[in-house]
Student: 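Pasting a structure below so you can have a look.
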Amino acid sequence: QVQLVESGGGLVQAGGSLRLSCAASGLTFDNYAMAWFRQAPGKERDFVAAISRLGGSTDYADSVKGRFTISRDNAKNTLSLQMNNLKPEDTAVYYCAADLRPFSSIENMGVRTTGPGYWGQGTQVTVSS
């Protein structure tokens, strides 16, 4: 069975930083492109960032470029999201995702129809003003 387990969420003030982690098991980790999505209350689940299966290429939503960094450690089967200069509008549940398709296609996937093959349970990030 595939499991993706997020950790590292919490409450921070605007301008602060958090680092999220996702531990993967039950899959051949380096066969999968990985990604982060987020969902605020009453909103759709939106793309945040994606990384290619070996970590050589990344893609970011415009709203987080220059502030967030996605990375992976294939030796440890982990995915990370370093979030700096956090803003109140970053408040959301953050989800780890995995897919066999190329990382560059993830941003345009429909999350309920052709979205990533596997999802984590989510971790809450709250940014106070």
Side-chain angles (χ1 to χ4, degrees):
Q1 62 187 43
V2 173
Q3 278 194 269
L4 303 174
V5 181
E6 300 96 335
S7 61
L11 173 64
V12 297
Q13 292 184 326
S17 298
L18 281 175
R19 186 175 180 88
L20 306 182
S21 295
C22 171
S25 61
L27 50 72
T28 302
F29 188 65
D30 60 5
N31 282 350
Y32 287 79
M34 301 295 295
W36 291 97
F37 288 74
R38 65 187 182 185
Q39 187 168 21
K43 303 292 183 65
E44 295 183 346
R45 190 171 298 187
D46 290 329
F47 171 79
V48 175
I51 188 166
S52 59
R53 64 186 186 89
L54 299 182
S57 299
T58 57
D59 187 29
Y60 296 93
D62 288 344
S63 59
V64 306
K65 285 180 180 176
R67 300 189 298 121
F68 290 11
T69 302
I70 188 171
S71 61
R72 65 192 296 163
D73 186 341
N74 286 356
K76 297 181 179 180
N77 284 13
T78 58
L79 174 75
S80 297
L81 185 69
Q82 178 66 45
M83 304 185 294
N84 297 328
N85 191 24
L86 284 160
K87 304 175 180 180
E89 51 262 46
D90 295 319
T91 295
V93 176
Y94 283 70
Y95 296 90
C96 173
D99 202 277
L100 288 169
R101 288 168 285 182
F103 84 100
S104 57
S105 70
I106 294 177
E107 181 175 6
N108 295 318
M109 291 178 182
V111 298
R112 285 191 172 273
T113 54
T114 59
Y118 300 101
W119 295 94
Q121 83 289 346
T123 186
Q124 177 71 48
V125 172
T126 302
V127 183
S128 62
S129 60

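One-based numbering along the sequence shown. What you are looking at is a predicted structure, and each value in this text was computed from that prediction instead of being measured.
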Student: If you round to the nearest 0.5 Å, how far is OG of Ser21 from CG of Leu79?
Tutor: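 Here the interatomic distance stands at 8.5 Å.
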Student: Nearest 0.5 angstrom please: Leu20 CG to Met83 CE, how far?
Tutor: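 Going from CG on Leu20 over to CE on Met83, the span is 3.5 Å.
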Student: Check whether any side-chain heavy atom of Gln39 sits under 4.5 Å from a side-chain heavy atom of Tyr95, and report yes or no.
Tutor: yes
Student: So do the side chains of Ser71 and Gln82 get within less than 4.5 Å of each other, counting heavy atoms only?
Tutor: no
Student: Specify the closest pair of heavy atoms between Gly122 and Val93, including all atoms of both residues, with the distance to one decimal.
Tutor: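 In this case the closest contact between Gly122 and Val93 is CA-CG1, 3.7 Å.
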Student: To the nearest 0.5 angstrom, please state how far the CE atom of Met34 sits from the SG atom of Cys22.
Tutor: 4.5 Å
Student: Rounded at 0.5 Å granularity, tell me how far OG in Ser80 sits from CZ in Arg19.
Tutor: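 It comes to 4.0 Å.
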Student: Going only through I, L, V, M, F, W and Y residues with side-chain contacts under 4.5 Å, is there a path from Trp119 to Tyr94?
Tutor: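 No.
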Student: Is there a side-chain contact between Gln124 and Thr91 in this structure, where contact means two heavy atoms from C-beta onward sitting under 4.5 Å apart?
Tutor: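 Heavy-atom side-chain distance check passes, below 4.5 Å.
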Student: Using only atom types and a distance under 3.5 Å, with no angle test, would you say the side chain of Arg72 pairs donor to acceptor with the backbone of Phe29?
Tutor: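 Present.
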Student: Quick one: does Phe68's side chain get under 4.5 Å of Asn84's, heavy atoms only?
Tutor: no
Student: For the hydrophobic clusters of this structure (ILVMFWY residues joined by side-chain heavy atoms under 4.5 Å, transitively), does one cluster hold both Leu18 and Val64?
Tutor: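 They do share one cluster, since a chain of ILVMFWY contacts under 4.5 Å joins Leu18 to Val64.
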Student: Can you tell me how far CG of Asn31 sits from CG of Asp99, rounded to the nearest 0.5 angstrom?
Tutor: 12.0 Å
Student: Which pair of heavy atoms, one from Ser129 and one from Ala14, lies closest together, and at what distance?
Tutor: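 Minimum heavy-atom separation between Ser129 and Ala14: CA-CB, 4.5 Å.
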Student: Between Asp73 and Thr78, do the side chains contain a donor N or O and an acceptor N or O under 3.5 Å apart?
Tutor: no
Student: Would a distance-only check, ignoring hydrogens and angles, find a side-chain to backbone donor-acceptor pair under 3.5 Å from Asp90 to Lys87?
Tutor: yes
Student: Out of Ile106, Leu81, Asp59, Ile70, which one pairs with Ile51 under the side-chain contact (heavy atoms from CB on, under 4.5 Å) rule?
Tutor: Ile70
Student: Compare every heavy atom of Leu27 with every heavy atom of Ala98, then report the nearest pair and how far apart it is.
Tutor: CB-CD2, 4.4 Å
Student: Check whether NZ of the Lys or CZ of the Arg Arg38 lies under 6.0 Å from the centre of the six-membered ring of Phe47 and within 45 degrees of that ring's axis.
Tutor: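 No, Arg38 does not lie over the aromatic ring of Phe47.
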Student: Can you sort out the partners of Asn85 under side-chain contact (heavy atoms from CB on, under 4.5 Å), two or more places apart, ordered by chain and number?
Tutor: Arg67
Student: Would a hydrophobic clustering, with Ile, Leu, Val, Met, Phe, Trp and Tyr connected at side-chain separations under 4.5 Å, put Leu4 with Tyr32?
Tutor: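 Yes, Leu4 connects to Tyr32 through the hydrophobic network.
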Student: Is there side-chain contact between Val48 and Asp46, with heavy atoms separated by less than 4.5 Å?
Tutor: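 No - every pair of side-chain heavy atoms lies 4.5 Å or more apart.
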Student: Any donor-acceptor pair under 3.5 Å linking the side chain of Arg101 with the backbone of Gly115?
Tutor: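 It does hold such a pair.
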Student: Treat each ILVMFWY residue as a node, draw an edge where side-chain heavy atoms are under 4.5 Å apart, and state whether Trp36 and Tyr60 are in one component.
Tutor: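 Yes.
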Student: Distance only, no hydrogens: is a donor on one side chain within 3.5 Å (strictly under) of an acceptor on the other, for Glu6 and Gln121?
Tutor: yes
